[in-house]
Each structure stands twice: as C-alpha cells, then as structure tokens.
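Please read the structure below before turning to the comments.
Values below: all heavy atoms of this structure, side chains included; hydrogens, waters and symmetry mates excluded. The chains referred to below are lettered A, B, ... by the order of the sequence lines, with proteins before strands, and numbering in each begins at 1.
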Amino acid sequence: MEKPARVRFAPSPTGHMHLGSARTALYDYLLARKTGGQFVLRIEDTDFKRYVPSAEEELMNGLRWLGLDWDEGPDKGGPYGPYRQSERKEIYLKYAEQLVESGQAYYCFCSPERLSKLREEQQKQKQPPLYDGLCREIPLAEARRRAAAGEKYTIRFKTPKSGVTTVRDALRGEITVENRTIDDYILVKSDGWALYHLAAMVDDYEMKITHVIRGSEWLPSLPLHALIIRAFGWPEPEWVHLSVFLKPSGKGKMSKRESAELIKDGHSIFVKDLEALGYLPEAVVNWVALMGWSYDDHTEIFSLSDLVEKFSLDKLNPSPAAINFTKFDYFNGYYIRSLSVPELAKRVKPFLTAAGYQVDDDRLEKIVPIIQERLNTLDDSVEMAGFFFKDEVVPAGEDLVAKGLTPAESAELAEQALEIIRSLPELTVHQAEQPLRALVERSGKTPQQVFGIIRVAVTGQRVSPPLFESMEIIGKEIVIKRMENAVAVLKKLS
RNA sequence: GCCCCCAUGGUCUAGCGGUUAGGACACAGCCCUUUCAAGGCUAUAACAGGGGUUCGAGUCCCCUUGGGGGCACCA
C-alpha cells in the first residue's frame, strides 16, 4: 500500500467544466481514496477578468454528480484553508518577499508597454520572447526605495542563466531543459496579486500536496515550477501531467465552436450538459477513466469503487487521446442495461415528465423492462415509450401499409386482427399471442407483415418495443381504439 | 521562430528484448427474431518511415515525418 496521498483538484472558475477536468478530478479522487489520503478542492480564482460567478457552483455540482466527493474545500473548510486563492493574497506576498530577500527574485519596474515592445522586437528577430533582464541586477536596497516611493513594480523569479534543470514526470520520466530557455517569469503582478506559478506552488506546499495531477499544458512550465520549489527548499511533489483530449478524428483538439456544435448530436464535452442529455455518471466515469489509463488487456467495465481499488499511476498513458463518443454511448447503454428496473424507472421518469407525460410509477415499472435494452441514453425513453403515454397516436398512412401488400389487403388484415383482439377476455401477452399467430398462418402472410400493421396501428411507430407486451401495457380499450382508427385510415387509402 | 511532449488497426488501448501482436468500440457477415435492440459467433483491420544496438526490436538509441502543447502583469 502506498503512503496516503494528498491531491488537489484546482480549477479556475472561468467557464464550464469539461471532460478533461472531469478526468483530472477523477484521477485525483481515485488516488486519494486508493491510498487513504485526502482529496482537496481548491479554487484558483485570482484572474478577476475571466472570473465567471456561476462557475464554482457548476463545478461542485459536476463533481457531486460524478460521485467525486472532496475532503477539504471552500465549502467545507479544512486544516489548510482558505481554499480560494482570492483569499490568500497575503500568504503569497509573504513567500514572494522571502524569495526577494534570498536573492532568488527581484523587483521589476518595466512597464507593460516596454514589455510588449520588447516582445514584438524579439518576435521580429525570431528570438524567443523572454524578459531581457533589465531590472535583474538592480540592487535590492535601490529597488526597495523605488517601490516605497510608489513606483509600480512586479516581482520576477530570477532564473539561473546557465546549466540545465531536470524534472521527473510520472508518465514521461525525466525532462531536461536548458535554463536559458526559462523566462524570468512574473510571480506577483503590479496590483499585488500572485500569478499561478507562485500561487499554486505556495498552496501545494502549504496544503501538503504530495501529487500534482494536472493537464499536460503545464508541462512547458514544469521546470520553472520545480525551480521555484527548489528555491524555497521545499519537498517536490510527484508531478503527473495528463495528456490532452483531442477531437474524435484525433486531429487537433476541440475548438470552442466544435464543442458547442456537439450538443446537436446529443453529445457534449461539458459535464453540466451530460445529465440532461441522458447520460449516467457511472458511464461518464468509466469512459473517461479509460482515456489515458488502463488496468490490463481485457477488463474495461469499472465502477467508481472498482477504480478506487485498481487505479494506479504507473498505468497512465502519456499520449493524447481522441474523444470517442460512440464508445461513450456504448458504456451508457451498458450501464442502463445493468440497472435494476426500479432504479432505471426512477432515472427515466424525469425525462418523461419533462416531455409532458403523466407518469404512473407502477405502469412505468412495466414499461421499463421492455425498453431497457433499447436505450442508449435515458432520454431515448421519450421517443421510444412516448406512445404509452399519449392519448392517441397518429400513424402515417404509408407506414400502416405492410410491405408487399396493398392498402386494401392491409386493411383486411387489420380488421381481422381487431376482431381477434375484441374477442379476447383480456388483452394479455398470454391470451393474444396464439390467436394472432394463427391469423398469420391463416392469412398466408408473414409475421413481419401482419405484426407490422398492428405495431404501427398501436404504437404509431415502425420501430417499437415488443408488440404483445406493449399492447398489454396500453390496455385493451385503447388498443381497440387505435386499431379502429388504423382500419379507417387504411380503408380510406384503398 | 524557439522550447517541450507524444507516436500499436478508424478510435481507446494491452505489450515493459524472443507473442500466431491481445482486448474493447465502430464497421461487415451469420445466428436468434414480429420491428428495433440486446446477446452469441465470424471476419476485416495496427507496430509512421529510415538508420543503428543486439543472436534477436513494437519494445532500447538517433534522425526524419506526423500530431499535440507552450512561449501573458491568464490559468
């Protein structure tokens, strides 16, 4: 058993939580639970310009829906709070000052204008856009004097100008970069707020985080982060950089526009949409877990608790993964099929209700077994089972005409079927099946033709759950009404 | 432009020097069947290319190519 891990999910509340974040949070959760450690939720909200007020709530709802409960966070507190960076300004400042004091950071008085001009210049000359170090050698006493006099300043990290920095990533092994390619990055802005590079390192240290699991977009700044941590002399966490998700084609990552378009096909990369689209959190968890992680060469169905038991960092895969919604649908169908009838009924009900249907629980529990294996998403139930709840169905005339038969022949068959149904003491599968099959025999038509007519008449659809079961649930009276209507329609066509 | 990362079928992946390169989704066919599903069976399909190292390379090294990410007083 590994040592208890303290992991953190540290999103910034700037938009919707997407699948990539969900997967990061999942792995955080799994590692914490597996090792008996803690899962910390920290909100990185120091960018006030991009702040979205509803985002934090959405984030927590998403995590809860997925079943990923956290141990410490802004809503529940904990021993290392506050858990919102916007409430930790003084802490960052203290540590920044410490770095300045030890000569590993410095005050920089360069204006944004000078910096952008500098960058422009460097770009033109095809140079890497790095700070030129103008303020790097200003004596500390002088810098303090200027700062005290009210001059605007930022605090920059003093990167070594020679040598190399080597950092170990759990998925990729050692990564080495030349220090001259690392910028003297700004740690504290002129408004006194720390930037991510300082804030996150400080928080991870103060919160005693043992494993930093985050997206691979952070890989390029990993050496900087290591340098900062080493400048403080802090213990280095285990770095785990997860690969990004690519669009289904595997070519490039999904653009904002493409993400928004997805919803038209009933898909979404935003966690908040998934529930309404009829997806099960179990399916999301299983699917997302397997994008970048595997257990062995054949197991692929994992409940959240299976994952807690089986998860391990060394089975993580560093290569980018294309999002495969088809497989997502497969998982969702799988989990729908594995639900008990009462449970599925409970989950499907809100969708039927939302569609405007009056849903009786006992009746729903009869319907669920015959639609269960036909559902890919919960909201498929609306289309698939709507005819159970509608007052009347209006089958298209051409659908009522059986393949290979004339309208008149179809009408004749419908009429005979109607008579049989009328004559039954009760319309049950048991009572109806024999005589209706006998009708097929007698008429010399195929089951497909005869039952097809009845199906369309009774359900209004060419495709439906099993016919006899459906009729039993609908009830004799209504079935007869619908059959009469179909006969009338067919006769008109004749 | 510079830096970093990645590379097994269409997609997700197993493989950690010796395998008939395994599984899953998708696709196709067959079976089952009153439609649609579900289920069962079968088939098609991969080590990006080139150099090394080694008795032996999908596995180790280098280059090329392709893909991805990053270069803000955003995170």
Which nucleotide wins on minimum distance to the side chain of [X], given the candidates [options]?
X       : options                : value
P128(A) : C73(B), U34(B), C2(B)  : C2(B)
R50(A)  : A75(B), U35(B), C4(B)  : A75(B)
E44(A)  : A75(B), C4(B), U34(B)  : A75(B)
K126(A) : A72(B), G1(B), A14(B)  : G1(B)
F468(A) : U34(B), G69(B), A14(B) : U34(B)
S12(A)  : U34(B), A75(B), U13(B) : A75(B)
P466(A) : U35(B), U11(B), G69(B) : U35(B)
N317(A) : U34(B), C12(B), A14(B) : A14(B)
R455(A) : U35(B), G68(B), C12(B) : U35(B)
S319(A) : G68(B), U34(B), A7(B)  : A7(B)

Can you tell me, in whole Å, how much space there is between the [atom1] of [N] and that of [M]?
N      : M      : atom1 : result
C32(B) : A26(B) : C1'   : 22 Å
A45(B) : G10(B) : P     : 11 Å
G69(B) : G52(B) : C1'   : 30 Å
G15(B) : A21(B) : C1'   : 8 Å
G9(B)  : G49(B) : P     : 10 Å
G66(B) : A72(B) : C1'   : 29 Å
G70(B) : A38(B) : C1'   : 47 Å
C62(B) : G18(B) : C1'   : 24 Å

Problem set entry | Cation-pi geometry met for R146(A) and F109(A) (6.0 Å, 45°) |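 Geometry flag: set, cation within 6.0 Å and 45°.
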What is the base-pairing partner of [N], counting Watson-Crick and G-U wobble geometry with both distances under 3.5 Å?
N      : answer
A48(B) : U64(B)
A38(B) : none
G18(B) : C55(B)

For the side chain of [X] and the base of [N], is some donor closer than 3.5 Å to an acceptor across the two?
X       : N      : answer
K327(A) : A24(B) : yes
R374(A) : C36(B) : yes
T326(A) : C25(B) : no

For this session: Output yes when a side-chain donor or acceptor of W287(A) lies under 3.5 Å from a complementary backbone atom of F325(A), and no otherwise.
Result: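 No; judged by distance alone, with no hydrogens or angles, the pair does not exist.
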Exercise. Quick one: does D183(A)'s side chain have a donor or acceptor within less than 3.5 Å of a partner on Y131(A)'s backbone?
Worked result: yes
Any [X] side-chain N or O less than 4.0 Å from OP1/OP2 of [N]:
X       : N      : result
K315(A) : G15(B) : yes
R337(A) : G39(B) : yes
T181(A) : C4(B)  : no
Y330(A) : C25(B) : yes
N324(A) : U13(B) : no
R437(A) : U34(B) : yes
S190(A) : C73(B) : no
R462(A) : U34(B) : no

Exercise. For RNA chain B, whose closest nucleotide is more 5', that of Q127(A) or that of S111(A)?
Worked result: Q127(A)
Problem set entry | Pairwise 5' ranking along RNA chain B for K189(A) and T299(A), keeping only the more 5' one |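 Nearer the 5' end of the strand: T299(A).
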Between [N] atom [atom2] and [X] atom [atom1], what is the distance in whole Å?
X       : N      : atom1 : atom2 : result
R156(A) : A72(B) : CZ    : P     : 10 Å
L219(A) : A75(B) : CG    : P     : 19 Å
K251(A) : G66(B) : NZ    : P     : 10 Å
H298(A) : C25(B) : NE2   : C1'   : 17 Å
H197(A) : G70(B) : NE2   : P     : 12 Å
F157(A) : C73(B) : CZ    : C1'   : 18 Å
Y185(A) : C71(B) : OH    : C1'   : 9 Å
L130(A) : C71(B) : CG    : C1'   : 8 Å

For this session: Evaluate side chain to side chain donor-acceptor pair (under 3.5 Å) for T377(A) paired with N332(A), printing each intermediate quantity in order.
Result: CA-CA 6 Å; T377(A) 58; N332(A) 207 57; 5.4 Å; no
Exercise. Could you go step by step and tell me if R88(A) and E206(A) meet the salt bridge (charged side-chain N to carboxylate O under 4.0 Å, His left out) rule?
Worked result: CA-CA 11 Å; R88(A) 300 173 64 83; E206(A) 287 235 318; 3.5 Å; yes
Look at all strands and tell whether [X] reaches a base, only sugar-phosphate, or nothing, counting heavy atoms closer than 4.0 Å.
X       : value
T46(A)  : sugar-phosphate
S294(A) : sugar-phosphate
L195(A) : sugar-phosphate
P129(A) : base
L467(A) : base
G292(A) : sugar-phosphate

Given side chains that start at C-beta, do those of [X] and [Y] come closer than 4.5 Å, heavy atoms only?
X       : Y       : answer
W239(A) : R214(A) : yes
L195(A) : V188(A) : no
N179(A) : I182(A) : yes

For this session: Taking salt bridge (charged side-chain N to carboxylate O under 4.0 Å, His left out) as the test, write out the residues that go with D399(A), two or more places apart.
Result: R462(A)
Problem set entry | Worked check of salt bridge (charged side-chain N to carboxylate O under 4.0 Å, His left out) between K310(A) and D296(A) | CA-CA 10 Å; K310(A) 307 215 157 104; D296(A) 58 20; over 6 Å; no
